[in-house]
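Let me begin by presenting the structure, written as structure tokens, before commenting on it.
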Amino acid sequence: MNPVFDLFVDRTQNLLERWQRFYAAEAKNCETDEDLQSLQDACLLGVVSKISDSFTQSMIDEANQRIAE
């Protein structure tokens, strides 16, 4: 695979693993289904915000530039 994609895949996998560990630890403290849903939502938003950081945006911009050429 292309080194840029390898880097992105590795980075994304590491982020997901960290959020998984965080979720597993925090889920033990949830007393209701609503608490668990709020935690799931927070984790989803956290993952998306980390994946959509400036590193990823620069990769998207670069790909869009190549497509436009």
Could you check if a side-chain atom of [X] sits within less than 4.5 angstrom of a side-chain atom of [Y], using non-hydrogen atoms only?
X	Y	answer
V47	L16	yes
F22	L39	yes
Q40	L44	no

Spatial distance of atom [atom1] ([X]) from atom [atom2] ([Y]) [nearest 0.5 Å]:
X	Y	atom1	atom2	answer
D35	C30	CG	SG	5.5 Å
R66	E62	CZ	CD	4.5 Å
R18	Q13	CZ	CD	12.0 Å
Y23	K28	OH	NZ	12.5 Å
S54	D61	OG	CG	10.5 Å

Ignoring hydrogens and geometry, is there a side-chain-to-backbone donor-acceptor pair from T12 to V9 under 3.5 Å?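 Answer holds: no.
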Judged by modelled atom types alone, do Q37 and D41 share a side-chain donor-acceptor pair under 3.5 Å?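 Q37 vs D41: donor-acceptor pair found between side chains.
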Within a radius of less than 6.0 Å around CD of E31, do more than 12 heavy atoms belonging to other residues, nucleotides or ligands occur?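 No - once you tally the heavy atoms of other residues, nucleotides and ligands closer than 6.0 Å, there are 12 at most.
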Considering all heavy atoms, the nearest R11-K50 contact: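 Looking at all heavy atoms of both residues, the closest pair is NH1-O, 4.1 Å.
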